[in-house]
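Each remark here refers to the structure printed beneath this line.
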Amino acid sequence: MRIATWNVNSVNARLETVTRWFEEAQPDVACLQEIKCVNEKFPAEAFERLGYNLAVHGQKSYNGVAILSKTPLEDVRRGLPGDDTDEQARYLEAVVSGPQPVRVASIYLPNGNPTGTEKFAYKLAWMERLRRHAEELLGYEEPLALVGDYNVIPEDRDAEFPKNWVEDALYQPESRAAFRSLKWLGLTEAYLQADGAPGAYTFWDYQAGAWQRNNGIRIDHALLSPQAADKLRGVSIHRDVRSWDKPSDHVPLVVELDL
DNA sequence: ATGACTAAACTCTTTAGA
């Protein structure tokens, strides 16, 4: 089973690019972030034509997450528990049905810039809510994949030019510590486990020729429960998609499990 | 020191992204 995560930076503005990738890569499950539309505006038919079932948690203009699956989705949960006043659509969870079901979450973790503002505080609070929720999910002792745009650069080697990021929310010690504390619950970071080579990035800014200079960062991640990590076969980053016409600034990350 | 791109919307600028 191939589970993909991809921040598409507007599913409607980029529908042709996104569906082209689906046709080529044929993921069994795909978690999308930054769909940037309400549920009613999600281009459901385009994906249903490709054989996908879908769950969408959208929002006007910003954020928005979705899960697409070739098998039916069950136990769909919208929103991250822990704050009833949070209206940002950044978390969607569902169980992918099949002989060996997998629980999957599509995560769009807050950016948090600029640091020292309420946006950064929101990022850290959101990460703490995610940690608590992940702790509960791990208690199920099931195959679980928490995938998405974490907006965290875990280590120096996850940036081509680490010095560019020292003031950035994605690279603050607090952001990185929160990411580590999530992993320390007992989650396996799929890329490090299956590959781990430095210089692999998932995001290149649109500005200042970042792609041409390979000024990239690795901020899209897949965290696996022990029951899923045991079945980890491999991970691939679809880097070439960044050079397509009308690209997202993120590229797909694909995890392959023996399930 | 600044801006560079891209998208969305109560669009001819502003906000947000990372």
Which whole number of Å gives the distance between the [atom1] atom of [N] and that of [M]?
N	M	atom1	answer
dC12(B)	dT2(B)	P	26 Å
dA1(B)	dA7(B)	P	31 Å
dA18(B)	dG3(B)	C1'	15 Å
dA16(B)	dC10(B)	P	14 Å
dT11(B)	dT6(B)	P	22 Å

May I ask you to say what [X] touches in the nucleic acid, namely base, sugar-phosphate or nothing, with a heavy-atom cut-off under 4.0 Å?
X	value
Lys123(A)	nothing
Lys119(A)	sugar-phosphate
Asn151(A)	sugar-phosphate
Tyr150(A)	nothing
Asn12(A)	nothing

Between Val11(A) and Leu109(A), name the one whose nearest nucleotide on DNA chain B is closer to the 5' end.
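Here Val11(A) is the residue nearer the 5' end.
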
Nearest nucleotide by nearest heavy atom, which residue falls closer to the 5' end of DNA chain B, Asn113(A) or Asn9(A)?
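By nearest-heavy-atom nucleotide position, the 5'-most residue is Asn9(A).
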
Less than 4.5 Å apart, side chain to side chain, heavy atoms only: is that true for Leu253(A) and Val235(A)?
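A side-chain contact exists here, since the closest heavy-atom pair is under 4.5 Å.
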
Non-neighbouring partners of Arg90(A) that pass salt bridge (Lys or Arg N to Asp or Glu O under 4.0 Å), sequence neighbours left out
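For Arg90(A), no residue satisfies salt bridge (Lys or Arg N to Asp or Glu O under 4.0 Å) once neighbours in sequence are set aside.
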
Does Arg176(A) have any salt bridge (Lys or Arg N to Asp or Glu O under 4.0 Å) partners at least two apart in sequence or in another chain, and if so, which?
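Arg176(A) satisfies salt bridge (Lys or Arg N to Asp or Glu O under 4.0 Å) with Asp156(A) only.
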
With sequence neighbours left out, write down each residue that passes ring pair (Phe, Tyr, Trp, His ring centres under 6.0 Å) with His57(A), or none if nothing qualifies.
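Testing His57(A) for ring pair (Phe, Tyr, Trp, His ring centres under 6.0 Å), a comparison that skips the adjacent residues, returns none.
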
Applying ring pair (Phe, Tyr, Trp, His ring centres under 6.0 Å), name anything that partners Phe203(A), two or more places apart in sequence or on another chain.
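Phe203(A): ring pair (Phe, Tyr, Trp, His ring centres under 6.0 Å) contacts with His250(A).
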
Using 30° and 60° as the class boundaries, would you call the ring planes of His221(A) and Phe179(A) parallel, tilted or perpendicular?
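Tilted.
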
Ring centre gap for Trp6(A) and Trp21(A) strictly below 6.0 Å:
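Ring centroids of Trp6(A) and Trp21(A) are less than 6.0 Å from each other.
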
Under 4.5 Å between side-chain heavy atoms, hopping through other hydrophobics if needed: is there a path connecting Leu224(A) to Val29(A)?
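Both belong to a single hydrophobic cluster.
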
Would a hydrophobic clustering, with Ile, Leu, Val, Met, Phe, Trp and Tyr connected at side-chain separations under 4.5 Å, put Leu232(A) with Val96(A)?
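Result: yes, single cluster for both.
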
In residues 206-216 of chain A, which ones come under 4.0 Å of DNA chain B, going by heavy atoms?
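Going residue by residue through residues 206-216 of chain A, the ones with a heavy atom under 4.0 Å of DNA chain B turn out to be Tyr206(A), Gln207(A), Ala208(A).
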
Below 4.0 Å from chain A heavy atoms, what is the first contacting nucleotide of DNA chain B and what is the last?
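For DNA chain B, the relevant span reads dA4(B) to dA18(B).
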
